[in-house]
Amino acid sequence: PQTILIAVFRIMDRLVRLYPKVNEKETPLPRSWSVKDKFSFLVLSQNNQKVHYKGGGKNHKDAASVRATHPIPAACGVYYFEVKVLNKGRDGYIGIGLSASGVNLNRLPGWEKNSYGYHADDGCVFNSSGTGQQYGSTFTTGDVVGCGFNLVDRSIFFTKNGVTMGTAVSDIAPNLVLYPTVGLQSQGELVEANFGEIPFAFDFDGLLREMQQKIQLSIEQVILPGGPGEWQTSLHKLVLGYLVHRGYSRTAQVFASNTSQQLDEDAQSIQNRQKIQSLILQGKISQSLHLIRANYPTLFTSNPELLFRVKCRQFVEMIVGSDPGDLSATGGGEPRLSCHSELSSTSSDGEGVMGEVTGSPPESPLGSPMRDGTFTIPAVRQDKTAKTHVAWQCNVCVCVCVGVCVCGCVCVWVC
């Protein structure tokens, strides 16, 4: 048992070293052939590493393939496995390569769409087609053939007895998920896979080091635009803009001072915006509206759509109880009603008007007074001269009603 445990840990350590970015809890690595994802002419043995052909082997209709238990994880960067030909059988119709889930297994790798294979009998590579392209030499009993998938540039390469034969297929579809695949077609054929549990015949570790060096060199050769400090200046401007936008006034002031920059907005304005944002996030829309009108009096005049959206949000927050509205204490007695015109109107001279009046709520054509003197659905008063939509707001009670204006819009009321 101790020897078995040591062997298991060595295998795990080797695979972690080859594919350090792969999280096998989420995306397991291929470790054996699948007993479920294979054609019936094939028999697996030795922990599902060996594949025996048991079909008739008369023609291409007797071809049979098997896929690995799991697809190649994208985090591999470059994935590689090898297959040793233990017996080429009668004809040596063996294909080694990759295929997507669902590809017909009654075919050799490469003959179907989303399938790629290097074949022993003619040395051709088949790229999703029944017609192969000459690629390398043939292989037979005793040969070790490897297949690598570069997930960075989406290319496939093959090796024979530890020597790479170059790129076989390029421009694999970006989202195509592939499985290690092997196919057999004639009697007596027997192959064995190595998914990385033991050292490869090909120097895959050396290939990984070479690729890392190339990537490092390409990064170092990138020429940054402008002079040595121009990119840093641009970065400073970007950071300061973020701090100002988010309302971090004190941090923005310190950062601007340390990087010799000027603030485009005074600190008080930044703090006001931060406070307004905080109130809105807390659902206190009424308080935020008060601050907006006090500090940015023309904002809603020039942006009526924004005002409409804020008032809709205020209505929602009143319903859930986050925003009680303007509840000034009246010291008892009858509620004091104030009428606020929230939408800009147009006077005879074309100027925008924001009005406020006080008085009693109008008689409602949509509902009758309730016993406590409030209204079930307060009517919307429309001043046909100024075309101003007016809503009555009670300073004591917090019930909310909706009225339909004669012009067709929906007005929110606090009665």
Side-chain angles (χ1 to χ4, degrees), residues 30 33-34 37-46 48-68 80-100 103-149 155-170 172 178-195 200-202:
W33 301 115
S34 173
D37 202 11
K38 71 178 183 66
F39 199 69
S40 57
F41 294 163
L42 301 180
V43 175
L44 306 181
S45 64
Q46 197 170 330
N48 299 328
Q49 303 294 314
K50 288 185 178 181
V51 185
H52 309 246
Y53 181 79
K54 298 297 182 179
K58 296 179 181 179
N59 53 47
H60 66 87
K61 294 182 180 179
D62 293 325
S65 293
V66 59
R67 277 186 282 269
Y80 181 79
F81 73 101
E82 289 182 342
V83 174
K84 183 175 183 179
V85 181
L86 301 178
N87 192 334
K88 79 175 187 65
R90 187 187 65 206
D91 301 316
Y93 291 153
I94 301 171
I96 298 168
L98 306 168
S99 67
V103 172
N104 187 2
L105 292 172
N106 190 201
R107 306 277 282 169
L108 291 184
W111 286 353
E112 297 287 300
K113 184 180 179 181
N114 297 331
S115 177
Y116 314 91
Y118 173 35
H119 290 200
D121 60 307
D122 54 13
C124 288
V125 163
F126 291 77
N127 179 2
S128 301
S129 170
T131 303
Q133 300 293 325
Q134 195 60 47
Y135 173 69
S137 60
T138 60
F139 53 92
T140 185
T141 302
D143 288 331
V144 177
V145 176
C147 176
F149 182 24
S155 65
I156 298 172
F157 65 91
F158 293 95
T159 67
K160 178 183 174 183
N161 297 327
V163 179
T164 180
M165 294 185 290
T167 301
V169 182
S170 57
I172 303 296
L178 297 175
Y179 292 71
T181 307
V182 66
L184 311 176
Q185 189 184 306
S186 68
Q187 293 180 350
E189 292 172 348
L190 172 63
V191 298
E192 182 178 14
N194 175 13
F195 292 102
F200 293 122
F202 172 65

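Fair warning: this is a prediction, and the values are worked out from it, not measured in the lab.
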Please work out which of the three classes, parallel, tilted or perpendicular, describes the rings of Tyr118 and Phe158, given edges at 30° and 60°. tilted

With a 4.5 Å limit on heavy-atom distance, are the side chains of Phe202 and Thr164 in contact? yes

Interatomic distance, CG@Asp122 vs CD@Gln133, rounded to 0.5 Å, equals 11.0 Å

Please confirm whether the ring centroid of Tyr93 lies under 6.0 Å from the ring centroid of His119. no

Answer yes if the side chains of Thr159 and Tyr80 hold a donor-acceptor pair under 3.5 Å, and no otherwise. yes

Student check: side-chain heavy atoms of Val51 and Leu44 closer than 4.5 Å: yes

Ser137 versus Lys160, side-chain donor and acceptor atoms under 3.5 Å: yes

Check step by step if side chain to side chain contact (heavy atoms under 4.5 Å, CB included) holds for Leu86 and Thr141. CA-CA 6 Å; Leu86 301 178; Thr141 302; over 6 Å; no

Heavy atoms only: give me the nearest Gly97-Cys147 pair and the separation to one decimal. CA-SG, 4.0 Å

Regarding Arg67 and Ser99, do their side chains bring together a donor and an acceptor under 3.5 Å, going by distance alone? yes

Do Ile172 and Ile156 have side-chain heavy atoms sitting under 4.5 Å apart? yes

So, for Asn161 and Asp143, which heavy atoms are closest and what is the spacing to 0.1 Å? ND2-OD1, 3.0 Å

Counting C-beta onward and ignoring hydrogens, is there a side-chain heavy-atom pair between Thr138 and Asp121 closer than 4.5 Å? no

Is Arg90 reaching over with its side chain to a backbone N or O of Gly57, donor-acceptor style, under 3.5 angstrom? yes

Between Gly183 and Ser65, what is the shortest heavy-atom contact and its length? CA-OG, 3.5 Å

Can you give me the closest heavy-atom contact between Gly89 and Ser186, atom names plus distance? C-OG, 4.4 Å

Could you check Trp111 against His60 for side chain to side chain contact (heavy atoms under 4.5 Å, CB included), going step by step and ending with a plain yes or no? CA-CA 11 Å; Trp111 286 353; His60 66 87; 4.0 Å; yes

Are any of the side-chain heavy atoms of Phe157 and Met165 separated by less than 4.5 Å? no

Close side-chain approach of Val145 to Glu82, heavy-atom, < 4.5 Å: no

Backbone N/O of Gly136 and side chain of Gln134: donor-acceptor pair under 3.5 Å: yes

Determine whether the aromatic ring centres of Tyr179 and Trp33 lie less than 6.0 Å apart. no

For side chain to side chain contact (heavy atoms under 4.5 Å, CB included), just list the numbers for Phe126 and Tyr116, CA-CA rounded to whole Å, side-chain angles, deciding distance to a tenth of an Å, and then say yes or no. CA-CA 6 Å; Phe126 291 77; Tyr116 314 91; over 6 Å; no

Taking all atoms of both residues into account, what is the closest heavy-atom pair of Val66 and Leu105, and its distance? N-CD2, 4.3 Å

Check step by step if side chain to side chain contact (heavy atoms under 4.5 Å, CB included) holds for Val144 and Phe139. CA-CA 8 Å; Val144 177; Phe139 53 92; over 6 Å; no

Roughly how far apart are Glu192 CD and His52 NE2, rounded to 0.5 Å? 9.0 Å

With a 4.5 Å cut-off on side-chain heavy atoms, are Leu184 and Val191 touching? yes

Rounded to the nearest 0.5 Å, how far apart are CG of Asn104 and NZ of Lys113? 14.5 Å

Among residues at least two apart in sequence or on other chains, which ones pass salt bridge (Lys or Arg N to Asp or Glu O under 4.0 Å) with Asp62? none

Report yes or no: does Gln49 contribute a side-chain atom to a donor-acceptor pair with the main-chain N or O of Asn194 at less than 3.5 Å? no

Can you give me the closest heavy-atom contact between Phe200 and Phe81, atom names plus distance? CE2-CA, 4.2 Å

Please indicate whether Lys84 has more than 12 foreign heavy atoms, meaning atoms of other residues, nucleotides or ligands, lying under 6.0 Å from its NZ. no

Under 4.5 Å between any side-chain heavy atoms of Val85 and Thr140, yes or no? no

Report the residues that fulfil side chain to side chain donor-acceptor pair (under 3.5 Å) with Lys50, sequence neighbours left out, ordered by chain and then residue number. Gln46

Tell me whether Asn114 contacts the main-chain N or O of Val103 through its side chain, where contact means a donor paired with an acceptor under 3.5 Å. no

Within the distance-only criterion (no hydrogens, no angle test), does the side chain of Ser129 pair as donor or acceptor with the backbone N or O of Thr131 below 3.5 angstrom? yes

When rounded to the nearest 0.5 angstrom, what is the spacing between CZ in Arg107 and CD in Gln185? 9.5 Å

